[in-house]
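Presented below is the structure to which this report refers.
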Amino acid sequence: MYAEVIIDIAAAEVDRIFDYDCGGFDIKRGVRVSVPFGRTKAEGFVIGVKEDTSVPIEKIKRISSVLDKSPIITEEMFALMDYMRTSMHLLRVDILRLFIPAAMRGGRVKELVRQLAVLSEEYRDRDPDEFIRKGAIAQRELYDYLSIDKPDGEYVVELNKILSASALRNFAERGIVRIVDAEKRRVPYADMPVEEESRHITPTEEQQRACDAINGASGQTFLIHGVTGSGKTEVYMRCIEHVLGIGKTAVMLVPEISLTPQMLRNFRSRFGDNVAVLHSGLGQGEKFDEWRKCLTGEAKVVLGARSAIFAPLKNVGIIIIDEEHDQSYVSERNPRYVTRKIAEWRKHYNNANLVLGSATPSMETYYEAKQGKIALLELTGRVNGRPLPEVRIVNMCKEVLRGNRTIFSDELTRELRSCLSSGNQAMLFLNRRGYASYVMCRMCGYVAKCERCDVSLVYHREEDRLKCHYCGNMYAPLTECPVCGSKFIKEGYIGTEKVADKLREMFPSATVLRMDNDSTRTKGAHARILGEFGAKKADILVGTQMIAKGHDFPDVTLVGILDADMSLHVADYRSVERTFQLTTQVAGRAGRANRPGKVILQTYTPNHYVYNYVRSGDYKGFYEKEINLREVTKYPPFSKIVRVLVSGTDDEKASGVLKNIYERVKAVKDAQPDKFIYLAYMRAPVKKIMDEYRMQILARLVPDSDDVEDLIYTATDECRTAGITSYAETNPIKLS
Ligand code: ADP
Ligand code: ZN
Ligand code: ZN
């Protein structure tokens, strides 16, 4: 027998299958094996087993060992691999790596095997007086414990903690107890208190209608458009209950940063041990065990971030993507994929339902709903009729004219004071981390830039360093200008770190917490900050977009958006949409319980149409306005943007590759000119990152142009050159 193996090596440039002799091992498709490869050994995935091989027999090597007892890649995942390979132009090895926990490779993590003590069958229903001496109290206790409390057995380490070890040894010797090896699961957040009982919530009429529609369908895609606080999670949980009831499983995806302990608690209290959780904050062992629970069927529900879409659950009945507009659902690193596409595929494979939920759906998704391609369900009110918060737009130009040079308008300062004095909490949002966004010489205009990247450096006070946000390099802070020697150094826009400092100055008795990429770098920091704020150990939470999502803090009555325009001035067709989404999400954190909420939105462009819609909470109005603009300017969903990015340390070589690809794309355009709205090549907006020069081809295609899109991807594949990174992406999240 011969096995077809995909070798798991890092620099796989080619998508090659190698044949190996099974050498007496019972090899199944889907297991991993260790094989000789070149002069070394390598791990590989067995993707097929066959009787014959076309490779000359003297060239065939034998498999050295088998790494898995049973397949770890399911048949569904193999089919998905084929789909991703052809439609997304990915290599098999890169796809297979997505399907398993990273630490499994190289054997860095394994099942935790522990000794389990089980009462032997023949002693189960006997009268213990027949074989336990009177007065052997420890033995009697052990027998009762195992026969009554732990009929399925208990781990020896656990038993030894509470009962007599010598009694256990005695039982084992006499065969009353059998000691077997068993997998023991590491459970993330095991010590987290579970709410005694799932609260019994009576669904609102709108919630019920949404549940009925979804539960009555199969193989369909739905969009739940529900304002913030409308109880979307309750709908998701009821739909999951329904699929579990008919013996199927469920995948629930949330953006990484909204997968909070609070969310997990809700799911655990509703679904108990049926839930597996998968996200980047878990330890390797925990992640592996949660993933195994999905594979073995112990878990029926997986709750996780983007990569949980690949969880090896069988017989999926529903896939839910919460906050579907969130950018974290697009993988921007190789292997690049769009979660929605994978979800659509798994939906189709399993005849499951796909539910997308958001208060601010992406233009593309809402457009699909309006076109009738997916079903639209609406939750128009907050539960219990709580009002949406009042949004006040503050013109910061007027503040400057009045002589207020700080980042806090008078109105925000006033509101903060009254919020704090009445014992409520506030959240302040600023999408800029660090202390000052750039440092500049006032005399000659010199701006401190990273040596390896084409970006300005950000000052971080905690470390007293200038930091590059692209490569992480750090530099000494500037005391004088390296060009002209002037000591007049100006700091640019304020970041979260400085805001927190200022707040501590202004409100010395208030406790201020900060949440951004810098303050959440350690494991568990994210949950700890949210936990402390939720437990009211702090009065103000300052943060970047991390604080925008999903959090439900009942005592937050004030939300301040310090510089709403930040995302507006990004040169990207989605900048207005993102500003609307971000400000609406942040605003939605205010007034979620019985106290009314207020939002202070500070802007230098108060007359921009987007703020009108944010103030009135009018998604549909915003959608109509924005979709018209997109149609007129021919941006997605009325076109498709395909970008090919080429980068490398050798500028000339990279340019050569770019031109080669461009020539081929140009030929496609000459053959089918009406498929192209625009085609050009140029340097990328950020010209250099980590010493690599970056350049791009930008194509804008008419919507119905899948074939042309595929040709651009193929051209990119064919021009791939060692030492140069090149890839194509469609409607990329970032055009920088
Ligand atoms: P969304 O995700 O739409 O922003 P959530 O699902 O977080 O809203 O719900 C907001 C709050 O309302 C939660 O605390 C939830 O427990 C509660 N809730 C949801 N549905 C109901 C209901 N039918 N009756 C009472 N409370 C509800
Ligand atoms: Zn200078
Ligand atoms: Zn850098």
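Positions are given from 1, in the same order as the sequence printed here.
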### Query
So does E205 have more than 12 non-hydrogen atoms from other groups sitting under 6.0 Å from CD?
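Result for CD/E205: open.
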### Message
With a sphere of 6.0 Å drawn around CG of D273, does it hold more than 12 non-hydrogen atoms of other residues, nucleotides or ligands?
### Response
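No.
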Donor-acceptor side-chain pairing of [X] and [Y] below 3.5 angstrom:
X: K537; Y: T511; value: no
X: E399; Y: N395; value: no
X: T557; Y: Q425; value: no
X: S418; Y: S421; value: no
X: E206; Y: T380; value: yes
X: E411; Y: Q602; value: no

Would you confirm whether [X], through its side chain, and [Y], through its main-chain N or O, come within 3.5 Å as a donor-acceptor pair?
X: N215; Y: H242; value: no
X: N404; Y: V400; value: no
X: S230; Y: R382; value: no
X: N353; Y: I214; value: yes
X: K232; Y: G226; value: yes
X: H225; Y: L376; value: no
X: T584; Y: Q581; value: no

### Query
Are Y613 and Y623 near enough that their ring centres are under 6.0 Å apart?
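No, they do not, as the ring centres are separated by 6.0 Å or more.
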### Task
Test R392 against K598 for side chain to side chain contact (heavy atoms under 4.5 Å, CB included), laying out the working first.
CA-CA 8 Å; R392 303 188 51 87; K598 194 176 259 184; 4.2 Å; yes
### Message
side-chain hydrogen bond (donor to acceptor under 3.5 Å, both in side chains) for E577 and S362? Distances and angles first, verdict last.
### Response
CA-CA 8 Å; E577 176 183 359; S362 69; 4.8 Å; no
Check: [Y] and [X] side chains under 4.5 Å, non-hydrogen atoms:
X: Y337; Y: V330; result: no
X: V599; Y: L558; result: no
X: V586; Y: L601; result: no
X: Y329; Y: V338; result: no
X: E332; Y: I733; result: yes
X: I529; Y: L541; result: yes
X: R630; Y: R574; result: yes
X: D563; Y: R432; result: yes

### Query
When you look at T605 and D565, which way does the side-chain hydrogen bond (donor to acceptor under 3.5 Å, both in side chains) test go after all the steps?
CA-CA 7 Å; T605 53; D565 306 334; 3.3 Å; yes
### Task
Report the C-alpha distance between H469 and H460 in whole Å, list the side-chain angles of each, state the deciding distance to 0.1 Å, and finish with yes or no for ring-ring contact (aromatic ring centres under 6.0 Å, His included).
CA-CA 11 Å; H469 283 187; H460 285 248; 5.2 Å; yes
Would you name the heavy atoms of [X] and [Y] that are closest together and state the gap between them?
X: I319; Y: A343; value: CD1-O, 3.7 Å
X: M396; Y: T406; value: CE-O, 4.1 Å
X: A299; Y: A276; value: CB-CB, 3.7 Å
X: D322; Y: M252; value: CB-CE, 3.9 Å

### Task
Return the orientation label for the F622 and F580 ring planes: parallel under 30°, perpendicular over 60°, tilted otherwise.
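If you compare the ring of F622 with that of F580, the planes turn out parallel.
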### Query
What do the steps show when you test F553 against R589 for side chain to side chain contact (heavy atoms under 4.5 Å, CB included), and what is the final call?
CA-CA 7 Å; F553 298 118; R589 299 312 109 210; over 6 Å; no
### Task
Please assess M546 against M515 for the test side chain to side chain contact (heavy atoms under 4.5 Å, CB included), listing each intermediate value before the final yes or no.
CA-CA 7 Å; M546 282 188 180; M515 187 155 118; 3.8 Å; yes
### Task
List the steps, then state whether side-chain hydrogen bond (donor to acceptor under 3.5 Å, both in side chains) holds for T228 with Q585.
CA-CA 7 Å; T228 53; Q585 291 286 338; over 6 Å; no
### Task
Cation-pi check, K625 to Y609: give yes when NZ or CZ is under 6.0 Å from the six-membered ring centre and within 45° of the ring axis, no otherwise.
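K625 over Y609 ring: yes.
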### Query
So T579 and Y611, side chain to side chain contact (heavy atoms under 4.5 Å, CB included) or not? Walk me through it.
CA-CA 9 Å; T579 304; Y611 297 127; 4.1 Å; yes
### Query
Any Lys/Arg nitrogen of K734 or D572 sitting under 4.0 Å from an Asp/Glu carboxylate oxygen of the other?
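Here K734 does not pair with D572 in a salt bridge, since their nearest N and O are not under 4.0 Å apart.
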### Ion pair check, R270 and E234, cut-off under 4.0 Å
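Counted as a salt bridge, because a side-chain N and a carboxylate O are separated by less than 4.0 Å.
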### Passing option when D410 is tested against K398, R417, R402 for salt bridge (charged side-chain N to carboxylate O under 4.0 Å, His left out)
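Testing D410 for a salt bridge (charged side-chain N to carboxylate O under 4.0 Å, His left out) against K398, R417, R402 leaves exactly one candidate, R402.
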